There are 2 protein chains.
Amino acid sequence: MPATIKDVARESGVNISTVSRALNHGYGVNDQTREHVIAVAARLNYRPNRIARGLVTGRSHSLGLIVSDIRNPFFAEVARGAEDAARTGNCDLVLCNSDLDADKQMQYVQSLLEKRIDGIMMNSVSMLSREQQTQLAGSGVPIVLLNRPASNHTFSTVCADNESGGALAARYLLGLGHRRIAHLTGPRQHGNLSDRARGFVRALQSAENPVQPIVLHGKFNFDGGAELARKLLDAHPDVTAIFAANDVMAFGVVQAALDRGLRIPEDLSLIGFDNIEFSVVVHPPLTTIHQPKYEMGSAAVDILLRLARDKSKQIPEHRRLGVELVERQSCQQRNSGELRLPRGRQSHR
Amino acid sequence: MPATIKDVARESGVNISTVSRALNHGYGVNDQTREHVIAVAARLNYRPNRIARGLVTGRSHSLGLIVSDIRNPFFAEVARGAEDAARTGNCDLVLCNSDLDADKQMQYVQSLLEKRIDGIMMNSVSMLSREQQTQLAGSGVPIVLLNRPASNHTFSTVCADNESGGALAARYLLGLGHRRIAHLTGPRQHGNLSDRARGFVRALQSAENPVQPIVLHGKFNFDGGAELARKLLDAHPDVTAIFAANDVMAFGVVQAALDRGLRIPEDLSLIGFDNIEFSVVVHPPLTTIHQPKYEMGSAAVDILLRLARDKSKQIPEHRRLGVELVERQSCQQRNSGELRLPRGRQSHR
DNA sequence: CTCAGATTCGCAAACGTTTGCGACACTTGG
DNA sequence: CCAAGTGTCGCAAACGTTTGCGAATCTGAG
């Protein structure tokens, strides 16, 4: 139905190859005929068939993004960053939701490969079997892993600097005068979360007056945060500050604190991680470590586009993105905190 | 690099057309050779090039989704529903963020058309010029409008039943015994919001003891909700229940109420609209009208797939999806409410 | 005027499929 | 044994581009 390059060629009295050259680079075609061809193409409302072009050029000008669930605000932000970058790179983005299911993930990859996608971004590859991973690596298409630390893999990675994020939180709480500090986090196996924990603990321990935080592991969702907070407040009612491994856990902490009549930040300072959109609207607005989600998406696309440009050098690239502290209203100076606590407890390691 | 159909043909000693038939429908090819071809294809790890196939079949097996911003949880949910449905329909989804910019929107449409996409879903077409709209309609590709009421357009639509949603909220508040009721909503031009308002007002007026609500118009975001609530509470401190046109506005109302020391639901009942994910985690958990966002996405894809299936009958389809009340903790029975109010005020229309 | 070089453009192959049509062999009913 | 039908498969065109190569024309210096 739509006009093809043949129509334009016939209508403007030249060969289709001339039309192609005139419309694309314009090199090797007379200025006059080029303008004429362009005019005719505009008049016929000609739109090049990109999939026909893709057949011969071998590039589809689309990128795949496989996330666990786009409803997760984190991935929505990543997706937005990726989409904007893809668009400026003249590509479009096909979206896949894997639900962290390994088979589903591989099916998506296969489907994307069949479309000869130019590159794939995915947020997790951990649960893939060894065989699946090598299959992925041998597929020939550039792949960048989101939110995964650099490794010796054949894949590129984009990751926030979780460790310095943890350190940032630690120094902030220390600066506010807190000494009885806890960290609520997810399972030990979780790479990013344990990086945050490591950065946090090390910064506390290497302070001039070293502090040994209480670290509790649990589920890293809303309920997990609430549950860990209850457990913590039962065992250590004297803690004055909590660092939650992510904002959603922090919301759970708010819930648990509220249930006990504890006010935030008056009775308990709280700092999260991620800076998801709703941490500003929740009450009190949450102080947190901002993770550059948007930038992760755009950085991943940048890598993919570079890799797609020169097929020759396919060396993986690893980018670690900086994080920053966003100060809102869930933390408070603890001037008198030390005085109220018995000395013996403070030196407790 | 990857194996092509020719490789399979050569390797299995048959013609490429036989390979194609064997791998696709299997009709017209001997069982024995078919199995042989399939085995060879599997051995060579053959993956059909879908873009080559698309060239001849004319179908790309991908659908376009243009939303204003995927970071909006509403659209993330819609996108998820659309993606799931697309996947079961053997299509994939390309994601576009328009920021409600008309030009950007048209650029995306053009880009999608160049890829010979099978159908397009978009969430707003209101700001497009008349010319752009006819251009859209004449593009030949099925289009379904998200969250737009049915109209005489040439486009299909999918929309929640906003009017009965408003009525649902009204009957619920009446049932709780409220008589001094307000509705905070967006600008009058906004179709969906005015539908909600109409349903709400009509249900209140047609009750056995008719009630005339206070209706205030403003911005339909967090700040707008807070601002309208302040204005309302200044002018009508006796209101006992508020229906906010969407959940985000409701969050603004919570904020404003908190600032005045009003407790929800003890002092003020509050009901929202949308049932966004965070209405359950906010405090208090928000009673709201659930909008079938996921279903909107999947319904849109259903329409598109049907329209793409038989190109002959391209009559637009309009679906209105049911809403339902989700009862949480932001509303409360108002037994004594009527008794405390002077009679004169109640009959005020 | 001539001829080399540059410019402009057409021809045709190629990308990897699908599919209508015809060739051929095999079955089957008369 | 023959004709018609059926099953199986190959041939080649088509989808709409891009691009290497060569032909034709033009330019300008000698």
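Just so it is clear: chains get the letters A, B, ... in the order the sequence lines come, proteins before strands, and each one is counted from 1. In this text the structure is predicted, and so the values were computed from the model without any measurement.
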ask   = What nucleic acid atoms does B/Arg47 come within less than 4.0 Å of, heavy atoms only: base, sugar-phosphate, or nothing?
value = sugar-phosphate
inquiry  = Between B/Arg116 and B/Glu114, does any NZ, NE, NH1 or NH2 come within less than 4.0 Å of an OD or OE carboxylate oxygen?
reply    = no
query = Of B/Ile16 and A/Val56, whose nearest nucleotide on DNA chain D comes first from the 5' end?
reply = B/Ile16
query = What distance do A/Met106 atom CE and A/Ser98 atom OG have between them, rounded to the nearest 0.5 Å?
reply = 12.0 Å
Terminal contacting nucleotides, 5' and 3', DNA chain C versus chain A (heavy atom, 4.0 Å) = C/dT8 to C/dG16
message = Ignoring hydrogens, what is the shortest heavy-atom contact between B/Gly119 and B/Val141? Give both atom names and the distance.
response = CA-CG2, 3.6 Å
inquiry  = Any base atoms under 4.0 Å from A/Thr4, or only sugar-phosphate, or nothing? Heavy atoms, all strands.
reply    = sugar-phosphate
request  = Give A/Ser17 one of three labels, base, sugar-phosphate or nothing, depending on what nucleic acid heavy atoms sit under 4.0 Å from its own.
outcome  = base
request  = Carefully, step by step, assess A/Val158 and A/Asn147 under the rule side-chain contact (heavy atoms from CB on, under 4.5 Å).
outcome  = CA-CA 6 Å; A/Val158 168; A/Asn147 216 9; over 6 Å; no
task = Provide, to the nearest angstrom, the distance between the OH atom belonging to B/Tyr27 and the P atom belonging to D/dC9.
result = 13 Å
ask   = Shortest non-hydrogen contact from B/Val29 to B/Thr33?
value = CG2-OG1, 3.3 Å
Enumerate donor-acceptor pairs with a distance under 3.5 Å from any side-chain N or O in residues 75-90 of chain B to protein atoms, sequence neighbours excluded.
from: B/Glu77; atom 1: OE2; to: A/Arg71; atom 2: NH1; distance (Å): 3.1
from: B/Arg80; atom 1: NE; to: B/Asp84; atom 2: OD1; distance (Å): 3.1
from: B/Arg80; atom 1: NE; to: B/Asp84; atom 2: OD2; distance (Å): 3.4
from: B/Arg80; atom 1: NH1; to: A/Asp69; atom 2: OD1; distance (Å): 3.3
from: B/Arg80; atom 1: NH1; to: A/Asp69; atom 2: OD2; distance (Å): 3.2
from: B/Arg80; atom 1: NH1; to: A/Asp99; atom 2: OD1; distance (Å): 2.9
from: B/Arg80; atom 1: NH2; to: A/Asp99; atom 2: OD1; distance (Å): 3.3
from: B/Arg80; atom 1: NH2; to: A/Asp99; atom 2: OD2; distance (Å): 2.8
from: B/Arg80; atom 1: NH2; to: B/Asp84; atom 2: OD1; distance (Å): 3.3
from: B/Glu83; atom 1: OE1; to: A/Asn97; atom 2: N; distance (Å): 3.3
from: B/Glu83; atom 1: OE1; to: A/Tyr108; atom 2: OH; distance (Å): 2.9
from: B/Glu83; atom 1: OE2; to: A/Tyr108; atom 2: OH; distance (Å): 2.6
from: B/Asp84; atom 1: OD2; to: B/Tyr294; atom 2: OH; distance (Å): 2.5
from: B/Arg87; atom 1: NH2; to: A/Gln107; atom 2: OE1; distance (Å): 2.6
from: B/Thr88; atom 1: OG1; to: B/Ala85; atom 2: O; distance (Å): 2.9

query = When all nucleic acid strands are considered with a 4.0 Å heavy-atom cut-off, which category describes A/Ile51: base, sugar-phosphate, or nothing?
reply = nothing
Considering all heavy atoms, the nearest B/Gly322-B/Pro292 contact = O-CG, 3.3 Å
remark   = Smallest heavy-atom separation, A/Ser12 atom then A/Val19 atom, equals OG-CG2, 4.4 Å
request  = Please work out if A/Arg50 contacts a base, only the sugar-phosphate, or nothing of the nucleic acid, heavy-atom cut-off 4.0 Å.
outcome  = nothing
note = What residues 28-46 of chain A contributes to the DNA chain C interface at heavy-atom separation below 4.0 Å is A/Gly28, A/Val29, A/Asn30, A/Thr33
Closest-nucleotide 5' rank along DNA chain C - winner of B/His25 and B/Leu55 = B/Leu55
Within-4.5 Å side-chain heavy-atom neighbours: B/Arg148 and B/Cys159 = no
